[in-house]
Amino acid sequence: MSKILLICIGILYTVLSKGENINKEIRIIDDSLQIQMTSPQNKIIHIQVTPVGTEVKESLIVPKKTDISSSHCRILEKENSISIQTQYITATYSYKDKNIYFTDTQNETVLLQEQARSFEQKNIAGETVWQVKQTFRLQADEALYGLGQYQEGIMNYRGKKAKLVQANMEIVNPFLLSTQPYGILWDNYSKTLFEDNEKGASFWSEVADGIDYYFIYGNDMHEVVAGYHQLTGKVPMFPKSAFGYWQSKERYKSFDELTDVVKEYRKRQIPLDNIVQDWEYWGDREHWNSLKFDTTHFNHPTEMIRQLHDRYNVSLMLSVWPGFGKKTDIYKDLEKIGALFNEPTWADYKVMDIYNPQARQLFWDHLYKGLYRTGVDSWWMDATEPSFREGFTQDKQEEKTKSAGQTHIGSFDRYLNVYSLFLSKVMYENLRKQNDKRVTILTRSAFAGQQQYATAVWSGDITASWEVFRKQLPAGLNLCMSGIPYWTTDIGGFFVTTRGSQFTKGLADPSYKELYLRWFQQGVFSPIFRAHGSNVPREVWQFGEPGDPFYEGLLKMINLRYSLLSYIYSSAWQVTADSRLMMRGLVMDFPNDQKVHNMADAICSALHYWSNP
């Protein structure tokens with residue numbers, strides 16, 4: 001009898017054109033589309049719209065337990081609409097125009113409304129998929145931020161567009177933050193285009209099962225970011241040393257050279273917390289990223305790292321890549337399980353399939369035996385787009401990544417943007433299993449939710465120029481305002497004498513030293529204070545000796561950073577405990593001031609950095 005009843009209810013459900021209340025959610029079918037509105041929390045509404053018969057895969061960025069957890073809501077049905085209402089927000093589906101309206105429950109103010117949606121069926125990478133587009137109607141005076149980090153110098157995305165594809169200098173986070181205040185978390189991992197024009201603001205994604213997004217409301221923009229963290233993961237604390245000064249360059253060629261640099265910092269009594277070893281500590285290219293130290297120039301790693309700790313009180317960060325040379329043990333193990341992509345890379349290594357759970361375990365096992373047990377403190381996960389040959393720009397990165405074909409869980413067309421999310425998760429969770437030591441990870445790519453894995457990101461292999469320098473702050477501000485709070489750059493630019501740089505003489509050119517000093521002054525107010533780059537060395541004394549204005553200017557900034565360290569560390573706790581942002585645009589604290597909506601000035605934003613209300 002009960003089975004018959006269940007079948008009848010199922011049949012009834014498939015033909016409903018009106019709504020029903022099932023466990024704090026609305027499910028309706030209208031015009032061959034299934035519309036689902038859920039309230040996982042009192043200030044969040046989850047929207048899914050799918051063609052009837054299409055199943056949506058489980059989210060990679062919002063844990064399943066998040067849905068239907070702490071919200072208190074009711075369902076309101078009228079003749080031409082149905083609503084899900086919490087104490088704070090109401091989402092109403094109109095049977096007339098087929099759109100959803102988001103309003104403030106208490107004063108009934110319209111916060112956001114859908115304007116149109118579209119579905120187009122395609123065959124991509126051997127899979128029948130939907131290309132989807134959702135357009136929203138915005139208020140005339142609202143401003144938009146977030147979406148990740150891009151190099152166009154855009155601060156406010158009103159009237160602008162963004163291509164959400166990972167690349168060397170672009171970082172994707174499909175979270176849009178409005179001054180209204182609300183946020184939209186677009187839950188899709190394929191190539192996505194955002195555009196705001198006279199027709200509205202829209203998200204378009206290349207590979208989807210349906211339209212899937214979260215509307216997040218807050219009393220202010222800070223609370224909206226906190227809602228994003230509540231959905232996708234809170235930010236853990238870094239160790240205090242992570243907020244000190246990081247010395248790095250491309251690259252130290254032996255433990256002796258690296259240790260001599262640390263000795264010189266101590267001799268000159270210049271504060272230093274972290275020294276970074278970049279690539280090729282593993283030897284030649286055929287042993288690329290062997291997850292072992294080369295015994296020729298990096299012999300006795302455990303003893304050398306212990307010396308850095310005990311004698312010089314400095315931490316070591318080590319560069320690790322997601323690809324491996326043909327003569328490495330891990331390459332051979334991954335090849336046996338078919339977990340290497342054949343798409344060529346610039347250094348002839350092969351990228352591993354991080355989506356394969358066996359590959360993830362092999363990666364950790366080799367890293368643990370070869371590197372972790374030597375005492376390395378923190379981890380630099382480089383080239384996590386992942387990097388393929390010629391993949392320096394978004395267009396080329398997209399082309400080469402898709403050319404790599406199928407991953408363990410599906411095509412790269414579908415999972416284009418989430419490689420770094422999987423890799424960061426592997427590192428963080430395995431590191432935390434070892435002991436209670438706080439984790440620090442630096443990575444070149446990121447995605448929604450990656451902040452929960454103790455990751456900082458940097459702006460990629462940028463070229464030294466005043467124009468590039470100018471664009472870094474709006475790039476970093478938008479990334480932080482998309483909910484990924486720890487950001488840095490290669491101070492002075494990664495490429496100095498090459499890639500069209502105007503500073504072909506490097507440190508022999510005083511104008512480059514001036515750029516470096518100004519960039520250093522901005523860097524001291526970044527969440528992570530880090531010098532790194534190629535072509536020219538980056539140690540302080542390379543820019544002069546005591547009494548030289550460049551040397552004294554750099555030293556003054558380092559001392560300033562350490563004079564503020566207790567404050568910075570307290571601010572970091574606010575990031576973890578309250579989802580505050582250490583680095584943010586003025587608009588987050590003055591959203592009604594139209595003058596600051598487009599402000600991306602380095603000095604104003606840096607000063608505001610320290611003005612936590």
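This one's a predicted model, so the numbers in the text were calculated from it and none came from an experiment.
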Please check if the side chain of T407 supplies one atom and the backbone of G410 the other of a donor-acceptor pair under 3.5 Å. yes
D104 versus I89: any side-chain heavy-atom pair under 4.5 Å? no
Is there side-chain contact between W573 and R580, with at least one heavy-atom pair below 4.5 Å? no
Rounded to the nearest 0.5 Å, how far apart are CE of M583 and SG of C480? 5.0 Å
Could you check whether Q472 and S459, counting side-chain N and O atoms only, form a donor-acceptor pair closer than 3.5 Å? yes
Regarding R432 and E429, does a basic nitrogen lie under 4.0 Å from an acidic carboxylate oxygen? no
Answer yes or no: is there a donor N or O on one side and an acceptor on the other, between the side chain of Q166 and the main chain of A446, under 3.5 Å? yes
Please tell me whether Y95 and Y93 form a close aromatic pair, meaning their ring centres lie under 6.0 Å apart. yes
Lys/Arg-Asp/Glu bridge criterion (N-O < 4.0 Å) met for R414, D209: yes
When rounded to the nearest 0.5 angstrom, what is the spacing between CD in Q85 and OG1 in T90? 3.5 Å
Side-chain heavy-atom pair F238, I528 within 4.5 angstrom cut-off: yes
Exercise: identify the closest heavy-atom pair between L33 and I35: O-CD1, 3.6 Å
Using atom types as modelled and distance alone, determine if a side-chain donor or acceptor of R444 lies under 3.5 Å from a backbone N or O of T384. no
Between OG on residue S378 and NZ on residue K437, distance to nearest 0.5 Å: 7.5 Å
Using only atom types and a distance under 3.5 Å, with no angle test, would you say the side chain of N274 pairs donor to acceptor with the backbone of M317? no
Applying side-chain contact (heavy atoms from CB on, under 4.5 Å), run through K133 and E120 and close with a yes or a no. CA-CA 9 Å; K133 184 176 183 180; E120 187 175 0; over 6 Å; no
For Q113, is there any backbone N or O sitting under 3.5 Å from a side-chain donor or acceptor partner on R137? no
Take the angle between the ring planes of F215 and Y217 and call it parallel below 30°, perpendicular above 60°, tilted in between. parallel
Given side chains that start at C-beta, do those of S315 and D273 come closer than 4.5 Å, heavy atoms only? no
Would the distance check show the side chain of N188 and the main-chain N or O of S205 forming a donor-acceptor pair, the cut-off being under 3.5 Å? no
Quick check: closest heavy atoms across M588 and H222, and the distance to 0.1 Å? O-NE2, 3.3 Å
Side-chain donor-acceptor contact under 3.5 Å, Q522 with S526: yes
Donor-acceptor side-chain pairing of E385 and T401 below 3.5 angstrom: no
Over all atoms of both residues, closest heavy-atom pair of E25 and I84: CA-CD1, 4.2 Å
Rounded to the nearest 0.5 Å, what separates atom CG in D212 from atom CH2 in W186? 8.0 Å
I need the minimum non-hydrogen distance between A143 and N156, along with the two atoms involved. CB-ND2, 3.4 Å
Distance-only donor-acceptor check, side chains T488 and W246, under 3.5 Å: no
How about NZ on K199, more than 12 heavy atoms from neighbouring residues, nucleotides or ligands closer than 6.0 Å, or not? no
Drop me the distance from W458's CH2 to D490's CG, to the nearest 0.5 angstrom. 7.0 Å
Indicate the ring-plane relationship of H532 and W380, choosing parallel, tilted or perpendicular according to the 30° and 60° boundaries. perpendicular
Enumerate the residue pairs fulfilling salt bridge (Lys or Arg N to Asp or Glu O under 4.0 Å) with a member in residues 156-165, sequence neighbours excluded, ordered by first and then second residue. R158-D196, K161-E195, K163-D395, K163-E398
Is D593 close to L586 at the side-chain level, that is, under 4.5 Å between some pair of heavy atoms? no
Report yes or no: does T86 contribute a side-chain atom to a donor-acceptor pair with the main-chain N or O of N42 at less than 3.5 Å? yes
More than 12 non-hydrogen atoms from neighbouring residues, nucleotides or ligands closer than 6.0 Å to CG on D436, yes or no? no
Whether Y355 side chain and Y419 backbone form a donor-acceptor pair below 3.5 Å: yes
Walk me through it: do V165 and Y150 pass the test side-chain contact (heavy atoms from CB on, under 4.5 Å)? CA-CA 10 Å; V165 170; Y150 306 97; over 6 Å; no
Taking every heavy atom of P181 against every heavy atom of G218, the minimum-distance pair comes out as CG-O, 3.0 Å
Taking NZ in K43 as the centre, count heavy atoms belonging to other residues, nucleotides or ligands within less than 6.0 Å. Is the count above 12? yes
Over 60° means perpendicular and under 30° means parallel, so tell me whether Y245 and F529 are parallel, tilted or perpendicular. tilted
Between Q139 and S178, does a side-chain contact (heavy atoms from CB on, under 4.5 Å) hold up when you go through it step by step? CA-CA 10 Å; Q139 305 296 322; S178 168; over 6 Å; no
Is there a donor-acceptor contact under 3.5 Å from the side chain of Q131 to the main chain of W204? no
Would you check if Y189 and L421 make a side-chain contact, meaning some heavy-atom pair closer than 4.5 Å? no
Nearest 0.5 angstrom please: L144 CG to T179 OG1, how far? 7.0 Å
Whether the Y214 and Q41 side chains hold a donor-acceptor pair (N or O, under 3.5 Å, no angle test) is what I'd like checked. no
Do you know the tightest heavy-atom contact between Y428 and I441? N-CD1, 4.0 Å
Set out, in order, the CA-CA distance, both residues' side-chain angles and the distance that settles side-chain contact (heavy atoms from CB on, under 4.5 Å) for D377 and T440, then state yes or no. CA-CA 8 Å; D377 299 284; T440 308; over 6 Å; no
Is a side-chain donor or acceptor of T192 paired with a backbone partner of L164 at a separation under 3.5 angstrom? no
State whether a side-chain donor-acceptor pair under 3.5 Å links T135 with S202. no
Heavy atoms, side chains only, cut-off 4.5 Å: are L560 and F525 in contact? yes
Taking the side chain as everything from C-beta on, heavy atoms only, tell me whether S566 gets closer than 4.5 Å to K240. yes
Parallel, tilted or perpendicular for F136 and Y213, by the 30°/60° rule? perpendicular
Count the heavy atoms belonging to other residues, nucleotides or ligands that lie under 6.0 Å from OH of Y88, then report whether that count exceeds 12. no
Assess the pair F422 and Y453: is the distance between their ring centroids shorter than 6.0 Å? no
